[in-house]
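A short write-up of the structure that comes next.
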Amino acid sequence: MNYYSLQHKSPPVSFKEALLKGIAPDKGLYFPEEIKVLPSSFFNEIDKLDIIEIAYQAIKQFIGNEIPKEDLKGILKDVLSFDFPLITIEDNISVLELFHGPTMAFKDVGARFMARCLEYFTKTTNDEVTILVATSGDTGGAVAKGFLGVKGVKVVILYPSGKVTDIQEKQLTTLGENITALEVSGAFDDCQEMVKKAFLDKDITNSIQLTSANSINIARWLPQLLYYFIAYKELKHKNKKLVFSVPSGNFGNICAGIVAQKLGLPIHHFIAATNSNDTIVNYLSTGKYLPQQSVSTISNAMDVGNPSNFVRIEALYENDIKTLKKHFSSYSFSDFSTKEIMKDIYAKTNYIMEPHGAIGYLGLQKYGLDNDEYGIFLETAHPIKFLPVVEETLNQSLTIPEQIASIMKKDKKAFEIKNYDELKDFLLKQM
Ligand SMILES: *Cc1c(COP(=O)(O)O)cnc(C)c1O
């Protein structure tokens, strides 16, 4: 499978090259040249197939012959080695829990898939790759854990000092080995700026092979399409029109859902549920795309004012806003309504949602399901990842799961940096 740049000014590349480059030289996002609908026999028997077989069938065309069948299945088996429970909340609503992976964030799947593919490609060569990422919290932990111990790969993570939760900081700074954390005195935007600058700095890119591990990278973005197949396998027997509500920030997850739909998965409608960062909500109502400065909310993994994957969503709907609006809605919710619904659902059902999942639920509520529709919202993080706000809102203390308790005892190790020159120096001397 080849990938072209959505800016159309760089040549198409293979899966491997798109994975290594992260972004095209013309700064465009890579996009598959073709998406072939899966045979109807596959959907007819999907409830009888195991998750690995489903995942393999769904993703194989995007890899082509670059990773042989048995190796690709091995990678998927390793990546999908935890549960994805679908839990009924109301008669016509279920939640798909995506947080049972090693860092308890849904980004584990994408990060692990990317890591295993990169490992596959670097194993046979002696290539060394450095992954440089900025994180506002969740991405860093998932990437760090996903790439821990992967031969030929070094990971450098920038995070804003004092602006991530204690648990998130421990997840970034206690692993060691090939993972280095850089604690930046500044905000997330400063970290992001420095990373962007490094990718354009010839002194750096001439001496080390840099790649990114955010959802711009196809290998982190595409495997997210598997969630929708997993939910469908469970819900097919209901014979209802499926409506997915996806808490969205950079719109990578929901965009992967639309790819699943293009593969033939019968999804009736998508809801991109956002916090007060409502660039896309405004775009759908006015037709004007106006990126904004991000504002801080309690669902901070979605504090994005200019969602990078939206160009891919437009490409999936042939850049036609009318078609897009037929299949896709977007609503924005305040911190106040987020907390209210967390309390409400807890009181009614005893189910604990964290703020991102709660916004997903609100998306379904606002959409208003018809009798022939069934709603699924995605819960993208374990409540423990947002401990302070969940405990305060529900007036309830949470038990800390074992995988989190064990890292809380470890010592933090991070290098402090203040500016771009210090980052550059670090990369050139240490890498
Ligand atoms: C990253 C993240 C999101 C947003 O996902 P996108 O693919 O960027 O839209 C939602 N919830 C949590 C907990 C996240 O970490």
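All figures in this text were calculated on a predicted structure; none of them were measured in a lab. Counting starts at 1 for both ligands and their atoms, following the listed order.
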For Val281, is there any backbone N or O sitting under 3.5 Å from a side-chain donor or acceptor partner on Asp278? no
Under 4.0 Å from any heavy atom of Gly249, which atoms of ligand 1 are there? 4 (C), 6 (P), 8 (O), 9 (O)
Quick one: sort the His382 and Phe99 rings into parallel, tilted or perpendicular, breaks at 30° and 60°. perpendicular
Ring centres of His100 and Phe84 under 6.0 Å apart? no
Does Asp47 use its side chain to pair, donor to acceptor, with the backbone of Lys233 at less than 3.5 Å? no
Protein contact of atom 15 (O) of ligand 1 - nearest heavy atom, named by residue and atom, plus distance: Lys107 NZ, 2.4 Å
Can you tell me if Ser215 has a non-hydrogen atom under 4.0 Å from ligand 1? no
Relative to the heavy atoms of Asp138, which atoms of ligand 1 are at a distance of less than 4.0 Å? 13 (C), 15 (O)
among protein heavy atoms, the one nearest atom 7 (O) of ligand 1 is Asn253 N, 2.9 Å
Taking the six-membered ring for Trp, are the ring centroids of Tyr317 and His327 within less than 6.0 Å of each other? yes
For Met302, the ligand 1 atoms whose distance to one of its heavy atoms is below 4.0 Å: 10 (C)
Tell me if the centroids of the rings in Phe415 and Phe426 come within less than 6.0 Å of each other. yes
Protein heavy-atom partner closest to atom 5 (O) of ligand 1 - residue, atom, separation in Å: Phe106 CZ, 3.5 Å
Show me which atoms of ligand 1 lie under 4.0 Å from any heavy atom of Gly252. 6 (P), 7 (O), 9 (O)
Atom 8 (O) of ligand 1 - nearest protein heavy atom and its distance: Asn250 N, 2.8 Å
Using a strict cut-off of 4.0 Å, indicate which atoms of ligand 1 neighbour a heavy atom of Ala381. 13 (C)
If we set the cut-off at 4.0 Å for heavy atoms, which region of Gln224 has an atom near ligand 1: side chain, backbone, both, or neither? neither
To which of Asn309, Thr380, Asp303, Thr274 does the heavy atom nearest atom 12 (C) of ligand 1 belong? Thr380
Should the pair Phe31 and Tyr4 be assigned to parallel (<30°), tilted (30 to 60°) or perpendicular (>60°) ring geometry? perpendicular
With heavy atoms of Pro247 as the reference, note each atom of ligand 1 found under 4.0 Å away. 4 (C), 10 (C)
Phe244 ring center near Phe377 ring center (under 6.0 Å): no
Does the residue Phe99 have a heavy-atom contact with ligand 1, meaning some pair of atoms that are separated by less than 4.0 Å? no
Side chains of Ser212 and Arg220 only: does a donor on one sit below 3.5 Å from an acceptor on the other? no
